[in-house]
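Remember, it's 1-based here, ligands and their atoms both numbered in the order they're listed. Small disclaimer: the values here were computed from a predicted structure and weren't measured.
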Amino acid sequence: MKTDVIIIGAGASGLMCALEAGRRGRLVLILDHTPKIGSKIRVSGGGRCNFTNRQVSRENYLSQNPHFVTSALARFRPEHFMAMLHEHGIPYHERSAGQLFCDESAQAVVDMLVAECQRVSVRFVMECRISEVRKNGLFVVDTSQGTFHGESLVVATGGLSYPQLGATPLGYSIARQFGMKVTPLHPALTPLKFSPGDLEVFGPLSGIAVNATVAYKGLSFRENVLFTHRGLSGPAILQVSSYWERGSSFTLDLLPGLDAHAFLLEKRGSRMHLATLLGQHLPARLVKAWCEGHFQSRPLNQYSPGELQAIARSLHGWEIEPMDREGFNKAEVTLGGVDTRGISSQRMESTSVPGLYFPGEVLDVTGQLGGYNLHWAWASGFAAGQYV
Ligand SMILES: Cc1cc2nc3c(=O)[nH]c(=O)nc-3n(C[C@H](O)[C@H](O)[C@H](O)COP(=O)(O)OP(=O)(O)OC[C@H]3O[C@@H](n4cnc5c(N)ncnc54)[C@H](O)[C@@H]3O)c2cc1C
């Protein structure tokens, strides 16, 4: 069967690319090996889909080519996606730091994208296993449901995270097959695992959450940190996991916004135990474990001025060296991907293989937590859709 555009991947970027190409009158076919359209959109944001952020800029993305995102982000703003939701009567709200979520279910976003695709006659072939891709004048895709020929081929297969939802490395293999480079791939926006020593002391705190500031190499994130039975999770940890390199440590400020030294000095003559005082600001179980790992809790009048200073420093800068990050089945996204130095930033098209496009997470573009990954999928899918 011949068509104008073949898109592999019925996810966020593939759907956006399809509907934009369809609006231009292109004949579009989407192939996906799973039975469901937009599976990751559906589970995103805990089922409420943090679909974008009011403030999106290139600073919110990691890539070996940091300027790459500028053109696509300038052409597809958060307001564009919000306008689509308005048109479809889908209510949403803002949470902290500009994050926009659906009021009801993320399914509404999938339904909207599918309805927009259907309006411009995009065809879907689901449960379609791809066995070979080649270029023979046209692009040829051999599948379990027949052979398809297209003028343009869009590889919108996403990253490696959540293989249970259909993630595969196909996009990277296609890039390599056509002589393009792929940067190293790592799980990102993922929990971090404690070292064995820390696990013994802090593993039993599983379930405790604190508002803290995580700092690493000049970056800092103030959000919740959650103790798990394997290590640390929560938004601040997921953020830092994208930057963290094995063998290095980050710091945790357990009392952000409070001058711990002044707070301790106020009580320096008191017989109150350190743990009791810290319990005014932190969960008692955390304080107990933290004191065990750092400074034994004694009456405050037994610490020297130097010790109080050291305690304050540790509370604001608890140094943690994780053993590792959790793998792709717990990661929200993949760090790294198809090297953008071989891709047009305006068209998402390979600069060496005309007609071959790579929008979305398959590229070496990774957003911070907060709606930036889906926004990249919309913006890059839209950019590709204007040219395919
Ligand atoms: C649990 C979770 C929560 C998330 N929450 C958010 C959030 O709230 N906000 C946010 O911005 N981002 C979030 N993300 C990230 C976001 O979902 C992705 O970055 C985004 O969906 C990427 O879009 P994409 O089109 O590149 O890939 P995807 O949406 O992953 O789509 C890829 C498609 O390609 C198909 N495919 C893969 N391999 C093959 C193959 N071999 N043959 C055929 N088809 C194939 C897949 O089945 C899938 O349908 C979350 C991710 C996860 C895992």
Side-chain angles (χ1 to χ4, degrees), residues 6-18 29-53 56 60-61 78 81 92 95 98-102 106 109-110 113-114 124-133 141-145 148 154-174 187-191 235 238 242 326 328-335 337-338 348 357-382 384-385:
I6 300 173
I7 298 178
I8 307 179
S13 63
L15 293 167
M16 185 57 87
C17 177
L29 182 69
I30 302 190
L31 313 176
D32 199 294
H33 68 141
T34 68
K36 285 190 178 161
I37 298 171
S39 294
K40 272 196 194 163
I41 304 173
R42 201 174 300 112
V43 300
S44 68
R48 290 276 166 89
C49 188
N50 178 195
F51 55 84
T52 188
N53 194 296
V56 177
N60 300 115
Y61 294 91
F81 201 80
Y92 60 87
R95 294 196 194 160
Q99 302 173 47
L100 299 180
F101 285 78
C102 293
V109 172
V110 178
L113 295 167
V114 171
F124 289 87
V125 183
M126 303 302 290
E127 298 184 86
C128 176
R129 266 188 313 283
I130 284 128
S131 44
E132 202 190 321
V133 170
V141 182
D142 291 325
T143 80
S144 56
Q145 305 213 29
F148 301 97
V154 180
V155 182
T157 44
L160 293 174
S161 67
Y162 273 56
Q164 59 272 40
L165 292 180
T168 75
L170 179 67
Y172 310 120
S173 329
I174 295 176
L189 297 183
T190 191
L238 299 191
S242 301
E326 292 284 1
F328 283 109
N329 35 1
K330 297 230 170 120
E332 282 198 11
V333 288
T334 299
L335 184 71
V338 175
M348 302 298 135
Y357 294 79
F358 291 87
E361 199 186 313
V362 71
L363 286 173
D364 169 31
V365 172
T366 308
Q368 294 178 333
L369 194 76
Y372 303 107
N373 284 295
L374 280 172
H375 190 83
W376 172 247
W378 315 135
S380 56
F382 176 80

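In the vicinity of Glu361, heavy-atom distances shorter than 4.0 Å reach the ligand 1 atoms 18 (C), 19 (O), 20 (C), 22 (C), 26 (O). Of all atoms in ligand 1, listed by their number and element, those nearer than 4.0 Å to a heavy atom of Ala377 are 23 (O). Near Tyr372, meaning under 4.0 Å from one of its heavy atoms, ligand 1 places the atoms 11 (O). Atoms of ligand 1 lying under 4.0 Å from at least one heavy atom of Gly158, given by number and element, are 26 (O), 27 (O), 32 (C). The contact set between ligand 1 and Gly45, taken as ligand atoms under 4.0 Å from a residue heavy atom, comprises 5 (N), 6 (C), 7 (C), 8 (O). Atoms of ligand 1 lying under 4.0 Å from at least one heavy atom of Lys40, given by number and element, are 17 (O), 21 (O), 30 (O). Distances below 4.0 Å separate heavy atoms of Asn50 from the following atoms of ligand 1: 7 (C), 8 (O), 9 (N), 10 (C), 11 (O). The ligand atoms of ligand 1 that sit less than 4.0 angstrom from a heavy atom of Gly9 are 33 (C), 34 (O), 35 (C).
Looking at Thr34 against ligand 1, only its side chain comes within 4.0 Å, counting heavy atoms. Neither the backbone nor the side chain of Ile37 comes within 4.0 Å of ligand 1, counting heavy atoms alone. At a heavy-atom cutoff of 4.0 Å, ligand 1 is contacted by the backbone of Ala10 but not by its side chain. With a 4.0 Å heavy-atom cut-off, ligand 1 is reached by the backbone of Ala156 but not by any atom from C-beta on. For Trp376, no heavy-atom contact with ligand 1 is shorter than 4.0 Å. Using a 4.0 Å cut-off between heavy atoms, Leu374 contacts ligand 1 through both its backbone and its side chain. At a 4.0 Å heavy-atom cut-off, ligand 1 touches Asp32 through backbone and side chain alike.
Gly371 counts as a contact of ligand 1, since one of its heavy atoms falls under 4.0 Å from the ligand. Within the structure, the closest approach of Ile130 to ligand 1 falls below 4.0 Å when heavy atoms are considered.
In this structure, SG on Cys102 lies 9.5 Å from CG on Asn50, to the nearest 0.5 angstrom.
Ring geometry, Tyr61 versus Tyr372: the interplanar angle exceeds 60°, so the pair is classed perpendicular (tilted spans 30 to 60°).
Below 3.5 Å of separation, one finds an N or O of Ser13 facing an N or O of ligand 1. In terms of N/O distances under 3.5 Å, ligand 1 is approached by Ala12. Looking at ligand 1, you won't find any N or O of Val43 less than 3.5 Å from one of its N or O atoms.
The protein heavy-atom contact nearest to atom 43 (C) of ligand 1 is His33 N, 3.2 Å. Looking only at heavy atoms of the protein, atom 41 (N) of ligand 1 is closest to Thr168 OG1, 3.0 Å. From the protein, the heavy atom lying nearest to atom 50 (C) of ligand 1 is Glu332 OE1, 3.7 Å.
When each of Asn329, Val43, Thr34 is paired with Leu165, the side-chain contact (heavy atoms from CB on, under 4.5 Å) condition holds for Val43 and for no other. Checked options Val133, Ile8, Val362; the residue passing with Leu170 is Ile8 (criterion: side-chain contact (heavy atoms from CB on, under 4.5 Å)).
At a threshold of 4.5 Å between non-hydrogen side-chain atoms, the residues Met126 and Pro35 do not count as touching. Residues Leu113 and Trp378 meet the side-chain proximity criterion, which asks for heavy atoms closer than 4.5 Å. No side-chain heavy atom of Asn53 sits less than 4.5 Å from a side-chain heavy atom of Asn60.
Checking side-chain atoms of Lys40 against main-chain N and O of Ala167 turns up no donor-acceptor pair under 3.5 Å.
Remark: Arg48 is not positioned above the aromatic ring of Phe101, lacking an NZ or CZ atom under 6.0 angstrom from the ring centre and at most 45 degrees off the axis.
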